[in-house]
Amino acid sequence: MKLKFKRNMSKKEQEQVKEEELQQEETQTEAQNAEVESQNTEEEQPAKEETPEDKIAALQAELEKSQKEYLFLMAEFDNYRKRTVKEKAELIKNGGEKAMLGLLPVIDDFERAIDAIDKSSDVEGLKEGVDLIYNKFMKYLESQQVKPMESTGTDFDADIYEAVTTFPAPDESMKGKVIDTVQKGYTINEKVLRHAKVVVGQ
């Protein structure tokens with residue numbers, strides 16, 4: 001029908017119609033290409049890039065969080081320090097309380113012994129009572145990790161002994177050894193509490 005219609009048209013008109021058809025096809029092709037390019041552009045468009053302002057805001061938020069955590073830790077440490085100082089002060093102030101409490105029964109025994117001396121003439125009985133008190137006191141010291149040093153007959157050690165004098169050794173084997181103890185030494189928890197005063201063989 002279209003072909004028959006074209007045959008009735010002049011050659012010039014036919015060429016004009018043909019040119020219009022070509023232009024329509026080109027327009028349609030360009031529209032299709034534009035639509036495809038638009039779709040590809042939307043698909044290929046990357047995610048929104050982070051701006052410098054966004055980075056600055058994120059860093060500020062992180063800094064504020066770190067500062068809050070730091071202040072919290074400082075407050076916790078300050079509380080711990082104050083508590084420790086207080087506990088240490090209490091320990092220094094009342095540290096000897098338990099030791100003194102343990103000595104009171106020994107003092108009670110000494111007071112009873114003094115009363116017995118005034119009222120009794122039994123010397124042997126009094127001596128036995130004093131020995132009991134001494135042994136009780138030494139057991140108490142041992143319970144507090146306080147122990148007497150065994151010095152006489154041992155090699156002289158300047159770290160734990162204090163030489164008050166020297167004396168000619170009775171035999172060669174006693175040279176440089178402790179031949180007598182003037183004042184007994186004591187240790188507490190394996191540490192020297194009081195140095196023993198000794199006489200050293202020469």
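Since this is a predicted model, take the numbers as computed values, not measurements.
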(message) Let me confirm one number: the OG1-NZ distance from T166 to K175, rounded to the nearest 0.5 Å.
(response) 12.0 Å
(message) Distance check, rounded to the nearest 0.5 Å: T165 atom OG1 versus I179 atom CD1?
(response) 8.5 Å
(message) Rounded at 0.5 Å granularity, tell me how far CG in L91 sits from OG1 in T84.
(response) 12.0 Å
(request) Given side-chain contact (heavy atoms from CB on, under 4.5 Å), test L73 with F77 step by step and report yes or no. (result) CA-CA 6 Å; L73 288 175; F77 176 75; over 6 Å; no
(message) Run the salt bridge (Lys or Arg N to Asp or Glu O under 4.0 Å) test on E142 and K139 for me, step by step, so that the C-alpha distance in whole Å, both residues' side-chain angles and the decisive distance to 0.1 Å come before the verdict.
(response) CA-CA 5 Å; E142 188 175 350; K139 284 182 180 179; over 6 Å; no
(request) Look only at the side chain of H195 and the backbone of D159, and say whether a donor-acceptor pair between them is shorter than 3.5 Å. (result) yes
(request) Check whether any side-chain heavy atom of V200 lies under 4.5 Å from a side-chain heavy atom of F167, and answer yes or no. (result) no
(message) If hydrophobic residues (ILVMFWY) are linked whenever their side-chain heavy atoms come closer than 4.5 Å, directly or via other members, who joins L101 in its cluster?
(response) L104, I107
(request) Would you check if P168 and Q202 make a side-chain contact, meaning some heavy-atom pair closer than 4.5 Å? (result) no
(request) Heavy atoms only: give me the nearest S151-T181 pair and the separation to one decimal. (result) OG-OG1, 2.6 Å
(message) Are the side chains of K82 and V85 in contact, using a 4.5 Å heavy-atom criterion?
(response) no
(message) For E150, is the CD atom crowded, meaning more than 12 foreign heavy atoms sit under 6.0 Å from it?
(response) no
(message) Give me the atom names and distance for the closest heavy-atom approach of G201 to A169.
(response) CA-CB, 4.2 Å
(request) Would you mind checking if R81 and D78 are paired as a salt bridge, meaning a charged N to carboxylate O distance below 4.0 Å? (result) yes
(request) Consider only side-chain N and O atoms of T154 and Y161, and report whether a donor and an acceptor are under 3.5 Å apart. (result) yes
(request) Would you please classify the geometry between the Y140 ring and the F137 ring as parallel, tilted or perpendicular, with 30° and 60° separating the classes? (result) parallel
(message) In this structure, would F110 and M100 fall into the same cluster of hydrophobic residues linked by side-chain contacts under 4.5 Å?
(response) yes
(message) Using the rule given for side-chain contact (heavy atoms from CB on, under 4.5 Å), can you reason through V178 versus V199, listing the C-alpha separation, both sets of side-chain angles and the distance that settles it, and then say yes or no?
(response) CA-CA 6 Å; V178 176; V199 176; over 6 Å; no
(request) Output, in order, the C-alpha distance, side-chain angles, deciding distance and verdict of side-chain contact (heavy atoms from CB on, under 4.5 Å) for E190 and Q145. (result) CA-CA 8 Å; E190 306 302 326; Q145 305 302 314; over 6 Å; no
(request) Please list, chain by chain and in numerical order, all residues satisfying salt bridge (charged side-chain N to carboxylate O under 4.0 Å, His left out) with K177, sequence neighbours excluded. (result) D155
(message) Using modelled atom types and a 3.5 Å cut-off, is there a donor and acceptor pairing between side-chain atoms of N189 and backbone atoms of K191?
(response) no
(message) Do L193 and V146 make a side-chain contact, defined as non-hydrogen atoms from C-beta onward lying under 4.5 Å apart?
(response) yes
(request) May I ask whether L141 and L132 are part of the same hydrophobic cluster, defined by side-chain heavy atoms of I, L, V, M, F, W, Y residues being less than 4.5 angstrom apart, directly or through others? (result) no
(request) Using atom types as modelled and distance alone, determine if a side-chain donor or acceptor of R194 lies under 3.5 Å from a backbone N or O of K184. (result) yes
(message) In this structure, would V106 and I117 fall into the same cluster of hydrophobic residues linked by side-chain contacts under 4.5 Å?
(response) no
(message) Taking the side chain as everything from C-beta on, heavy atoms only, tell me whether I160 gets closer than 4.5 Å to M149.
(response) yes
(request) Go through the steps to decide whether I56 and L59 satisfy the test side-chain contact (heavy atoms from CB on, under 4.5 Å), and finish with yes or no. (result) CA-CA 5 Å; I56 291 172; L59 289 173; 5.7 Å; no
(request) Over all heavy atoms of both residues, which pair between A196 and G185 is shortest? Give the atoms and the distance, please. (result) CB-N, 3.5 Å
(request) Would you kindly confirm whether M138 and I133 end up in one hydrophobic cluster when ILVMFWY residues are joined by side chain heavy atoms under 4.5 Å apart? (result) yes
(request) Measure the spacing between CD of Q67 and CD of Q60 and express it to the nearest 0.5 Å. (result) 10.5 Å
(message) If I take atom CD from residue Q183 and atom CD from residue E162, how far apart are they, to the nearest 0.5 angstrom?
(response) 8.5 Å
(message) Could you check whether any side-chain heavy atom of V198 comes within less than 4.5 Å of a side-chain heavy atom of D180, counting everything from C-beta outward?
(response) no
(message) Nearest 0.5 Å, please: how far is CG in L103 from CD in Q144?
(response) 8.0 Å
(message) Under the criterion salt bridge (Lys or Arg N to Asp or Glu O under 4.0 Å), I'd like the reasoning laid out for K127 against D131: C-alpha separation, chi angles, the key distance, then a yes or no.
(response) CA-CA 6 Å; K127 182 178 180 301; D131 286 341; 3.4 Å; yes
